[in-house]
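Working notes for the structure below.
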Amino acid sequence: MTELLVGTKKGLFALEGSPRDGFEVTLRAFAGEPVEYALRDPFSGHTLATMTSPWYGPKIFYTDDPASGAWEQASGLELPDGAALERIWVIVADDDGTLYAGGDPGVLFASRDGGVSWELNRALWEHPTRPRWQPGGGGLCLHSIAPTVGAPGRLALGISAVGVWLSDDGGASWRQGNRGLKPRYLPEDAPEDSFDLCVHDVQRAALDPDRLFMQFHGGVYRSDDAGESWVDIGAGLPSDFGFPLALDPADPDSAYVIPLTADVDRVTCDGRVAVYETRDAGATWTARGTGLPGEHAYLTVLREAFDRRGSGDALELYFGATSGDVFGSGDAGASWGAAATRLPPVYSVRAV
């Protein structure tokens, strides 16, 4: 049995079932409110959800029992000097039980009590380069947090549009990791130390901590040195523009992306929905679309709306679209079916 936590424009939904037997909606929370992200903390057992109120701004809520409806608001999500917190994009658990939350404007929070309270990472907030940071189209988004299995505190961050940031000391210090990234939207004579690097998603391989994959704003990249440098692996895809990616934890050479047409036309290529898979670290790509809409399906899949559960031949893959559809595969992408239809626009999907 798999549980999917689905954040949508109109609340949080929980789906339970399997790709073989189908799914049913078992929970709706925060009805009518935009829930950007939700996850189950593997250490505390808390279910956490991020929500941005048009009146009160972004909040994180937590509960021991989502079905009870008894959610509590976390504390500590504040910025100094009257700065406005715009949104919480993502929450990720590290190996030592620390939770990290990334948000706009390019901020990182940490929690060591299961998401009950949070503290701002001052080293990133006060980084001397911050005055040069510029937002991407969706804001100054810290949306990717890639911890390292077996090495708590070794982190890679993705920020739009400020590139990759690396820490080996739990966020006490930060350095850039952008060598090799080639943004086609900048002029050729742009300085090499430009911060206008619109990273869309960064994920780290579980069995090889030096291997990372990135979906860029026009480019799919791989790093073999823990994010210090990158090589373009987008050749062979119908488009190298997209938002989400997912990795197989059993295979550091595997990655899955969902190409979209272009930055000005952010829909599936030619109206055909397909997940593309590499099993050789990006040397080749194969379309996996059996069971997915094959024509007149111009869907948009956002960066947090793609997740996986299990590994190897038992790898399950799930993604949701702004159309309100959620799709699932129980055989590593070979075949697909609908897990839900006609939900509100999907912002995030996390498999429990």
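Below, all heavy atoms of this structure are taken into account, side chains as well, without hydrogens, waters or symmetry copies.
Interatomic distance, Leu108 CG to Ile145 CD1, rounded to the nearest 0.5 Å: 5.5 Å. In this structure, the separation between CZ on Arg87 and OG1 on Thr52 is 6.0 Å, given to the nearest 0.5 Å. A distance of 8.0 Å separates CD of Glu36 from OG of Ser348, quoted to the nearest 0.5 Å. Expressed to the nearest 0.5 Å, how far OG1 of Thr322 lies from CG of Leu343 amounts to 12.5 Å. Interatomic distance, Phe319 CZ to Glu304 CD, rounded to the nearest 0.5 Å: 16.0 Å. Here the CD-CG distance, from Glu228 to Leu166, works out to 5.0 Å after rounding to the nearest 0.5 Å.
Annotation for Asp313: atom CG does not count as buried by contact number, only 12 or fewer foreign heavy atoms lying within 6.0 Å. For Asp270, the CG atom counts as loosely surrounded, since its 6.0 Å shell holds 12 or fewer non-hydrogen atoms of other residues, nucleotides or ligands. In Lys10, the NZ atom is not crowded: 12 or fewer heavy atoms of neighbouring residues, nucleotides or ligands sit closer than 6.0 Å. No more than 12 heavy atoms of other residues, nucleotides or ligands lie within 6.0 Å of CZ in Arg272, so this atom counts as exposed by the packing criterion.
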Anything under 3.5 Å between a donor and an acceptor, one on a side chain of residues 207-221, the other on a protein residue two or more places apart or in another chain? List them.
{"unit_1": "Asp208", "atom_1": "OD1", "unit_2": "Asp210", "atom_2": "N", "d": "3.2"}
{"unit_1": "Asp210", "atom_1": "OD1", "unit_2": "Arg154", "atom_2": "NH2", "d": "3.0"}
{"unit_1": "Arg211", "atom_1": "NE", "unit_2": "Asp224", "atom_2": "OD1", "d": "2.7"}
{"unit_1": "Arg211", "atom_1": "NH1", "unit_2": "Pro252", "atom_2": "O", "d": "2.9"}
{"unit_1": "Arg211", "atom_1": "NH1", "unit_2": "Asp253", "atom_2": "OD1", "d": "2.8"}
{"unit_1": "Arg211", "atom_1": "NH2", "unit_2": "Asp224", "atom_2": "OD1", "d": "3.1"}
{"unit_1": "Gln215", "atom_1": "NE2", "unit_2": "Gly219", "atom_2": "O", "d": "3.2"}
{"unit_1": "Gln215", "atom_1": "NE2", "unit_2": "Asp240", "atom_2": "O", "d": "2.8"}
{"unit_1": "His217", "atom_1": "ND1", "unit_2": "His200", "atom_2": "NE2", "d": "3.4"}
{"unit_1": "His217", "atom_1": "NE2", "unit_2": "Asp263", "atom_2": "OD2", "d": "3.2"}
{"unit_1": "Tyr221", "atom_1": "OH", "unit_2": "Lys182", "atom_2": "N", "d": "3.0"}

Inset, instruction - Evaluate the side-chain hydrogen bond (donor to acceptor under 3.5 Å, both in side chains) criterion for residues Asp201 and Ser144: first the C-alpha distance (whole Å), next the side-chain angles of each, then the deciding distance (0.1 Å), finally the verdict. - result: CA-CA 6 Å; Asp201 199 359; Ser144 295; 3.2 Å; yes
Inset, instruction - Could you give me the CA-CA distance, side-chain angles and deciding distance for Met51 and Phe61, then say whether side-chain contact (heavy atoms from CB on, under 4.5 Å) is met? - result: CA-CA 8 Å; Met51 185 183 72; Phe61 292 87; 3.7 Å; yes
Inset, instruction - Could you check Phe243 against Ile258 for side-chain contact (heavy atoms from CB on, under 4.5 Å), going step by step and ending with a plain yes or no? - result: CA-CA 7 Å; Phe243 288 101; Ile258 304 176; over 6 Å; no
Inset, instruction - Might you work through the salt bridge (Lys or Arg N to Asp or Glu O under 4.0 Å) test for Arg279 and Asp248, ending with a clear yes or no? - result: CA-CA 9 Å; Arg279 288 286 178 176; Asp248 183 346; 3.0 Å; yes
Inset, instruction - Let me see the working for Asp168 and Arg175 under salt bridge (Lys or Arg N to Asp or Glu O under 4.0 Å), right down to the final yes or no. - result: CA-CA 10 Å; Asp168 298 321; Arg175 67 186 184 279; 3.2 Å; yes
Legend entry - Worked verdict on Thr98 versus Asp96 for side-chain hydrogen bond (donor to acceptor under 3.5 Å, both in side chains): CA-CA 6 Å; Thr98 301; Asp96 61 355; 3.0 Å; yes
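A single hydrophobic cluster is seen to contain both Val231 and Leu245, as judged by linkage of ILVMFWY side chains at heavy-atom distances under 4.5 Å, directly or through other members. Put simply, Tyr62 and Val92 are part of the same group of oily side chains (I, L, V, M, F, W, Y) that touch within less than 4.5 Å, one to the next. In this structure, Val301 is not a member of the same hydrophobic cluster as Tyr347, with clusters built from ILVMFWY side-chain heavy atoms closer than 4.5 Å. Under the 4.5 Å side-chain heavy-atom criterion for Ile, Leu, Val, Met, Phe, Trp and Tyr, Leu155 and Leu247 are members of distinct hydrophobic clusters. Hydrophobic clustering (side-chain heavy atoms under 4.5 Å, transitive across Ile, Leu, Val, Met, Phe, Trp, Tyr) groups Leu124 together with Trp118.
With salt bridges taken as basic N to acidic carboxylate O contacts below 4.0 Å, one links Arg40 and Glu3.
Residues Val35 and Phe13 fail the side-chain proximity criterion, which asks for heavy atoms closer than 4.5 Å. Counting only heavy atoms from C-beta outward, the side chains of Phe109 and Ile60 never approach each other to under 4.5 Å. In this structure, the side chains of Val273 and Tyr298 stay at 4.5 Å or more apart for every pair of heavy atoms. Here the side chains of Val326 and Val346 are in contact, with some heavy-atom distance below 4.5 Å. Using a 4.5 Å heavy-atom cutoff, the side chains of Leu77 and Leu85 are in contact. Taking 4.5 Å as the limit, some side-chain heavy atom of Pro259 sits within range of a side-chain heavy atom of Tyr276. Between Arg350 and Tyr37, some side-chain heavy-atom pair lies under the 4.5 Å cut-off. Using a 4.5 Å heavy-atom cutoff, the side chains of Thr50 and Ile91 are in contact.
In terms of modelled atom types and a separation under 3.5 Å, the side chain of His127 and the main chain of Thr129 share a donor-acceptor contact. In this structure, Ser160 contributes its side chain and Val199 its backbone to a donor-acceptor pair below 3.5 Å. The backbone N or O of Gly271 sits nowhere less than 3.5 Å from a side-chain atom of Thr268 that would complete a donor-acceptor pair. Side-chain atoms of His46 do not come within 3.5 Å of backbone N or O of Thr63 as any donor-acceptor pair. Proximity of a side-chain donor or acceptor of Asp41 to a complementary backbone N or O of Gly45 within less than 3.5 Å is not detected. The closest donor-acceptor contact from the side chain of Thr148 to the backbone of Ala151 lies at 3.5 Å or more, if one exists at all. Checking side-chain atoms of Thr261 against main-chain N and O of Arg266 turns up no donor-acceptor pair under 3.5 Å. With hydrogens and angles ignored, the 3.5 Å screen pairs no side-chain donor or acceptor of Asp94 with any backbone N or O of Gly97. A donor-acceptor pair under 3.5 Å links the side-chain atoms of Asp307 to the main chain of Ala351, judged by distance alone. Ser239 contributes a side-chain N or O that, together with a main-chain N or O of Leu260, makes up a donor-acceptor pair within less than 3.5 Å.
Thr47 and Pro66 get closest at one heavy-atom pair: OG1-CG, 3.5 Å. Pairing each heavy atom of Ser167 with each of Ala172, the nearest pair is OG-N, 4.1 Å.
In this model, no donor atom of one side chain and acceptor atom of the other lie less than 3.5 Å apart for Glu119 and Ser111. Side-chain contact check for Glu316 and Thr2: at least one donor-acceptor pair (N or O, by modelled atom type) lies under 3.5 Å. Side-chain atoms of Thr278 and Asp280 include a donor-acceptor pair closer than 3.5 Å. When only modelled atom types and interatomic distance are considered, Trp174 and Asn121 share a side-chain donor-acceptor pair under 3.5 Å.
For Trp125 and Trp133, the gap between ring centers reaches or exceeds 6.0 Å. Aromatic ring centres of Tyr318 and Trp336: separated by at least 6.0 Å.
With sequence neighbours left out, Trp71 forms a ring pair (Phe, Tyr, Trp, His ring centres under 6.0 Å) with Phe30.
Between Phe306 and Tyr256, the two ring planes are perpendicular [angle over 60°; tilted spans 30° to 60°].
Tested against Val107 for a side-chain contact (heavy atoms from CB on, under 4.5 Å), the candidates Ile88, Leu120, Ile159 yield a single pass: Leu120.
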